[in-house]
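Here is the structure we will look at.
Order of the sequence lines sets the chain letters (A, B, ...), proteins ahead of strands, with each chain counted from 1. Every heavy atom of this structure was used, including side-chain atoms; hydrogens, water molecules and symmetry mates were not.
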Amino acid sequence: MKKYPIITSISYPKKGAMGKTGTWRVFKPILDQNKCVKCLQCWIYCPEATIIRKEDNSVEIDYEYCKGCGVCANVCPTKAITMVREGEEK
Amino acid sequence: MAIKDLPLEEHYIPGSAACPGCPASMALRMVFKAIGKKMIMVVPACCTSVIESLHPYTSFDIPLLNIAFEAAAAASSGVAAALETMGRDDITVVAWAGDGGTYDIGLQALSGAFERGTNFIYICYNNQIYSNTGIQRSGATPYAAWTTTTVGGKTEFRKEMGEIVQAHHIPYVAQTSIGYPEDVYRKVKKAKEIKGPKYIEILAPCPPGWRFDMSKTAEMGKLAVETGAWALYEVENDKITFNGKSKLILEGKMKRKPVEDWLKLQGRFRHLFVPERDEKRLKEIEDHIDMLWRRYRSWVGIEK
Ligand SMILES: Cc1ncc(C[n+]2csc(CCOP(=O)(O)OP(=O)(O)O)c2C)c(N)n1
Ligand code: SF4
Ligand code: SF4
Ligand code: SF4
């Protein structure tokens, strides 16, 4: 990465700038691919950009950083995403 | 615009300092998608100076300048002037500030930049409070809302920033809500193509500030529009168009929902419902919204 010779405090982009924010979760979004209709609602609304959109418009969840807010489960029209307490998922 | 047509391009990097369910993060993702990396974002003191994460790292993969609370528009003017001098017309200058930094302390710098014709987009994400410092009232806080400085509920109505900005007769003014990310994207994209000052305000329901469950941010942004507590519109060279559900409400094709539907879900309005209903203030809120919609209708020449 190019570093800039600027005499002030300067921050550089990094994944997990605040660490593994997946550890903040109390509830975990679980996606049932069979119910998913690839509408991308979860992708567009996820605040943390942790719904990964694939080329074929299917989606996946980045659990390393997902904060467990539940927005994705709430906007999903087919209830393909359910929030399950951490440690209690099957 | 269909969701699938929005770019995959992402400059909001996961692992930020934002609260779960943060509306500002949602909106930033849309702004980054609409403009891309060829921008310089100017951020005053606000939640976003935290959301972007701590030195020496950042969660935003774009060039960004942090500046004093009151100075977003002034610093943007400097950045825009420098770019113009360098002959760089391919870079979009975006001021990104909260409602405190816009309605209150940054207002004179904002007015000055608009009056000078500065070529930039000023975006206010409006969470109706000073949330970064722990939920104090701002000029955007609605009547009767609890904040840490209005414990019995705010005693004044919020001001209409959209109208104040329109009085500058700049080329583009828009109001949108994070309940409708495609609307946010479309408006930012449109503003990018227009030269001169542009103003966009995004209603940003904040879970800790408004006291609602963090999974309901999108729903809150939609309900604000469906109840008429917030309006989606855009003004191009002084010609106003209402958008989405707000257009339907304006033209009488959809009845706006009772504002209670939106208030009831927010802990900051709890004192209007328990221990007993505060009919007086509930009516004052409905009446105020009715007054606003009468005004909106008069703008587009619809009588009554
Ligand atoms: C001159 C000055 N006064 C006060 C502050 C402390 N301060 C930092 S952020 C902030 C509130 C910002 O509120 P707003 O603009 O609404 O953005 P939000 O925090 O809601 O995102 C305050 C009061 C400051 N940084 N500078
Ligand atoms: S729970 Fe929240 S952070 Fe996690 S994927 Fe869903 S919307 Fe994104
Ligand atoms: S919102 Fe639900 S149906 Fe739509 S893409 Fe996401 S998981 Fe699939
Ligand atoms: S307080 Fe509200 S606006 Fe600020 S980071 Fe948290 S959710 Fe976002």
Side-chain angles (χ1 to χ4, degrees), chain A residues 1-4 6 8-29 37-59 61-77 81-83, chain B residues 1-30 32-33 37 49-66 178-182 184-185 204 207 213-222:
Chain A
M1 190 199 306
K2 186 179 169 203
K3 293 263 178 180
Y4 297 92
I6 297 169
T8 181
S9 55
I10 174 163
S11 299
Y12 292 88
K14 186 192 174 200
K15 197 166 191 182
M18 295 304 288
K20 301 256 188 268
T21 48
T23 59
W24 296 11
R25 268 196 316 270
V26 178
F27 290 91
K28 184 177 186 174
V37 292
K38 301 185 180 179
C39 69
L40 298 174
Q41 292 281 340
C42 55
W43 170 73
I44 199 77
Y45 281 106
C46 172
E48 202 55 27
T50 46
I51 298 272
I52 301 158
R53 173 183 170 183
K54 313 272 207 41
E55 286 296 336
D56 69 349
N57 290 339
S58 65
V59 292
I61 298 164
D62 175 355
Y63 290 120
E64 238 176 301
Y65 299 104
C66 156
K67 293 173 178 170
C69 67
V71 163
C72 53
N74 209 31
V75 297
C76 176
I81 302 175
T82 39
M83 302 302 291
Chain B
M1 149 112 31
I3 293 182
K4 64 172 173 27
D5 297 326
L6 296 185
L8 282 136
E9 186 179 345
E10 205 77 68
H11 301 301
Y12 190 104
I13 318 172
S16 74
C19 307
C22 175
S25 305
M26 287 182 180
L28 280 162
R29 281 188 63 220
M30 294 307 112
F32 293 168
K33 282 185 189 297
K37 276 188 89 145
S49 20
V50 177
I51 296 169
E52 65 190 40
S53 304
L54 298 182
H55 181 75
Y57 304 120
T58 168
S59 299
F60 299 175
D61 189 18
I62 49 129
L64 185 149
L65 171 69
N66 285 113
I178 197 52
Y180 306 94
E182 308 100 297
V184 174
Y185 176 86
D213 187 85
M214 60 189 174
S215 66
K216 295 201 157 59
T217 308
E219 203 175 313
M220 286 298 170
K222 285 184 190 162

Pick from [options] with the largest number of heavy-atom pairs that fall under 4.5 Å of chain A:
options                              : result
B/Thr217, B/Leu54, B/Leu64           : B/Leu54
B/Gly21, B/Ala2, B/Pro14, B/Pro181   : B/Pro14
B/Glu182, B/Met26, B/Glu10, B/Lys33  : B/Met26
B/Ala17, B/Pro207, B/Ala24, B/Ala218 : B/Ala17

Region of A/Glu55 in contact with chain B, defined by heavy-atom distances below 4.5 Å: side chain

Does [X] use its side chain to pair, donor to acceptor, with the backbone of [Y] at less than 3.5 Å?
X       : Y        : answer
A/Arg53 : B/Pro7   : no
B/Asp61 : A/Pro13  : no
A/Tyr45 : B/Ile178 : no

Residue, of A/Cys46, A/Ala73, A/Gly22, A/Gly19, that accumulates the most heavy atom pairs under 4.5 Å with chain B: A/Cys46

Option that, when pairs with chain B are counted at under 4.5 Å, heavy atom only, ranks first among A/Ala49, A/Cys39, A/Gly16: A/Ala49

Can you tell me how far the [atom1] atom of [X] sits from the [atom2] atom of [Y], to the nearest 0.5 Å?
X       : Y       : atom1 : atom2 : answer
A/Leu40 : B/Leu6  : CG    : CG    : 9.0 Å
A/Ile52 : B/Leu8  : CD1   : CG    : 11.5 Å
B/Tyr12 : A/Thr50 : OH    : OG1   : 9.5 Å

Pairwise side-chain contact, A/Lys14 with B/Ile13, heavy-atom cut-off 4.5 Å (strictly under): no

Residue pair B/Ser16 / A/Glu48, side-chain donor-acceptor N/O under 3.5 Å: yes

NZ (A/Lys54) with more than 12 external heavy atoms under 6.0 Å: yes

A/Asp56: salt bridge (charged side-chain N to carboxylate O under 4.0 Å, His left out) partners, not counting sequence neighbours: A/Lys38

Region of B/Phe60 that comes under 4.5 Å of a non-hydrogen atom in chain A: backbone

Segment of B/Glu52 engaging chain A (4.5 angstrom heavy-atom cut-off): neither

Distance-minimising heavy-atom pair for B/Ser25 and A/Pro47: CB-O, 3.2 Å

A/Cys69 versus B/Met214, closest heavy-atom pair with distance: O-CG, 3.5 Å

Derivation and outcome, side-chain contact (heavy atoms from CB on, under 4.5 Å), residues B/Tyr185 and A/Ile44: CA-CA 11 Å; B/Tyr185 176 86; A/Ile44 199 77; over 6 Å; no

